[in-house]
Engineer: 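Below is a structure I'd like to ask you about.
Just the heavy atoms: all of them, side chains too, but no hydrogens, waters or symmetry mates, feed the values below.
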Amino acid sequence: MKMKREGAVGLILIAILVVVMLVFLRGKSLEDIMGSGYTQADVTEITATLTPNDQSQSLSCQFAAGDQGYLDLISLLQEPSYSRTFTTDDSGTLDYAVTLTFTGSGDQTWEYAFQGGKLIHAGVTGSPKTYQISGGQDSQQKILDFLLAQAEP
């Protein structure tokens with residue numbers, strides 16, 4: 001009888017562990033990772049800042065909500081999935097560090113940043129979290145290429 005009870009407790013603990021892992025590791029959307037108060041409908045503009053690794057002059061561009069460039073950028077950001085991670089090891093480097101600042105209608109801001117590898121940082125400005133992006137550096141390069149085509153020095 002005692003053996004059956006211990007086995008049942010073990011199975012329950014394993015089930016809880018599996019559920020926690022599934023919730024934690026499941027793919028998240030752009031809306032999920034941006035954090036508190038973020039809804040795409042409230043974003044009025046996105047500002048992209050591209051800082052070259054050689055510390056030469058940064059590039060920037062702005063996308064007003066509803067413009068084609070804005071819609072294309074949002075589409076690129078929604079394409080991959082994201083998963084929460086606690087690692088800080090991010091091997092790989094792009095030619096630019098990218099910071100996207102999303103401005104909301106109530107002046108709240110969110111950020112989305114990357115510089116190569118498989119990690120991005122996203123969330124409410126000042127307290128972003130680290131996520132792994134599906135496609136890793138290839139996904140980041142695709143976003144960077146789009147931004148470079150739009151950027152002004």
Engineer: Measure the CG-CD distance between Leu59 and Gln150 for me, rounded to the nearest 0.5 Å.
Structural biologist: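 It comes to 12.5 Å.
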Engineer: Which pair of heavy atoms, one from Tyr70 and one from Gly66, lies closest together, and at what distance?
Structural biologist: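 Looks like CD2-N, 3.5 Å.
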Engineer: I'd like to check the side-chain hydrogen bond (donor to acceptor under 3.5 Å, both in side chains) partners of Asp138; sequence neighbours left out, ordered by chain and number.
Structural biologist: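 With neighbours one apart ignored, the set is empty.
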Engineer: Provide the closest heavy-atom pair for Pro52 versus Gln57 in the form atom of the first, atom of the second, distance.
Structural biologist: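 Of all heavy-atom pairs spanning Pro52 and Gln57, the closest is CG-O, 3.5 Å.
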Engineer: Minimum heavy-atom separation for Leu119 to Gln140, with atom names?
Structural biologist: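 Here Leu119 and Gln140 meet closest at O-NE2, 3.0 Å.
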Engineer: Would you mind listing every salt bridge (charged side-chain N to carboxylate O under 4.0 Å, His left out) that reaches into residues 73-83, with sequence neighbours excluded?
Structural biologist: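 Listed once each, the pairs are Glu79-Lys142.
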Engineer: Regarding Ser75 and Asp72, do their side chains bring together a donor and an acceptor under 3.5 Å, going by distance alone?
Structural biologist: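 Note: Ser75 and Asp72 side chains miss the donor-acceptor criterion.
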Engineer: Can you name the residues that form a side-chain hydrogen bond (donor to acceptor under 3.5 Å, both in side chains) with Thr47, not counting sequence neighbours?
Structural biologist: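 For Thr47 the side-chain hydrogen bond (donor to acceptor under 3.5 Å, both in side chains) partners, ignoring immediate neighbours, are Gln62.
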Engineer: Run the side-chain contact (heavy atoms from CB on, under 4.5 Å) check on Leu94 and Asn53 step by step: do they pass?
Structural biologist: CA-CA 8 Å; Leu94 297 171; Asn53 289 337; 5.7 Å; no
Engineer: Roughly how far apart are Ile133 CD1 and Ile33 CD1, rounded to 0.5 Å?
Structural biologist: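 With rounding to 0.5 Å, CD1 (Ile133) is 7.5 Å from CD1 (Ile33).
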Engineer: Determine, stepwise, if the pair Glu31 / Gln40 fulfils side-chain contact (heavy atoms from CB on, under 4.5 Å).
Structural biologist: CA-CA 7 Å; Glu31 287 77 18; Gln40 190 175 329; 3.4 Å; yes
Engineer: Can you tell me if Gln132 uses its side chain to pair, donor with acceptor, with the backbone of Ser83 under 3.5 Å?
Structural biologist: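 Here the side-chain-to-backbone pair does not exist.
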Engineer: List the atom of Ala151, the atom of Leu50, and the distance in Å for their closest heavy-atom pair.
Structural biologist: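 Result for this residue pair: CB-CD1, 4.0 Å.
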Engineer: So which heavy atom on Ala48 is nearest to which on Phe63, and how close?
Structural biologist: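 It is CB-CE1, 4.4 Å.
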Engineer: Hey, what do you get for OG1 (Thr51) to CD (Gln115), rounding to the nearest 0.5 Å?
Structural biologist: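 Those atoms lie 10.0 Å apart.
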Engineer: Using the side-chain contact (heavy atoms from CB on, under 4.5 Å) rule, take Ile74 and Ile46 through it: C-alpha gap first, then chi angles, then the decisive distance, then the call.
Structural biologist: CA-CA 9 Å; Ile74 289 293; Ile46 301 171; 3.8 Å; yes
Engineer: Rounded to the nearest 0.5 Å, how far apart are CD1 of Ile120 and OG1 of Thr85?
Structural biologist: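 So the CD1 of Ile120 and the OG1 of Thr85 are separated by 11.0 Å.
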Engineer: Could you work out, with side-chain hydrogen bond (donor to acceptor under 3.5 Å, both in side chains) as the rule, every residue matching Tyr112, not counting sequence neighbours?
Structural biologist: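 With neighbours one apart ignored, the set is Tyr82.
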Engineer: Do any side-chain atoms of residues 95-109 form donor-acceptor pairs under 3.5 angstrom with protein atoms, and if so which ones, sequence neighbours left out?
Structural biologist:
unit_1, atom_1, unit_2, atom_2, d
Gln108, NE2, Ser36, O, 3.3
Thr109, OG1, Thr125, OG1, 2.8

Engineer: Please collect all salt bridge (charged side-chain N to carboxylate O under 4.0 Å, His left out) contacts where either partner lies in residues 39-59, sequence neighbours excluded, each pair once.
Structural biologist: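 For residues 39-59, and leaving out neighbouring residues, there are no salt bridge (charged side-chain N to carboxylate O under 4.0 Å, His left out) pairs at all.
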Engineer: Determine whether Ser29 and Ser81 make a side-chain contact, defined as any pair of heavy atoms from C-beta on separated by less than 4.5 Å.
Structural biologist: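 Result no, sub-4.5 Å side-chain heavy-atom pair not found.
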Engineer: Working to the nearest 0.5 Å, report the span between NZ of Lys28 and CZ of Arg84.
Structural biologist: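 Lys28 NZ to Arg84 CZ: 8.5 Å, rounded to 0.5 Å.
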Engineer: Quick one: does any side-chain atom of Ser139 pair with a main-chain N or O of Ser134 as donor and acceptor, under 3.5 Å?
Structural biologist: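 Yes; judged by distance alone, with no hydrogens or angles, the pair exists.
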Engineer: What are the two closest non-hydrogen atoms of Tyr38 and Met34, and how far apart are they?
Structural biologist: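 Closest approach of Tyr38 to Met34: CG-CB, 3.4 Å.
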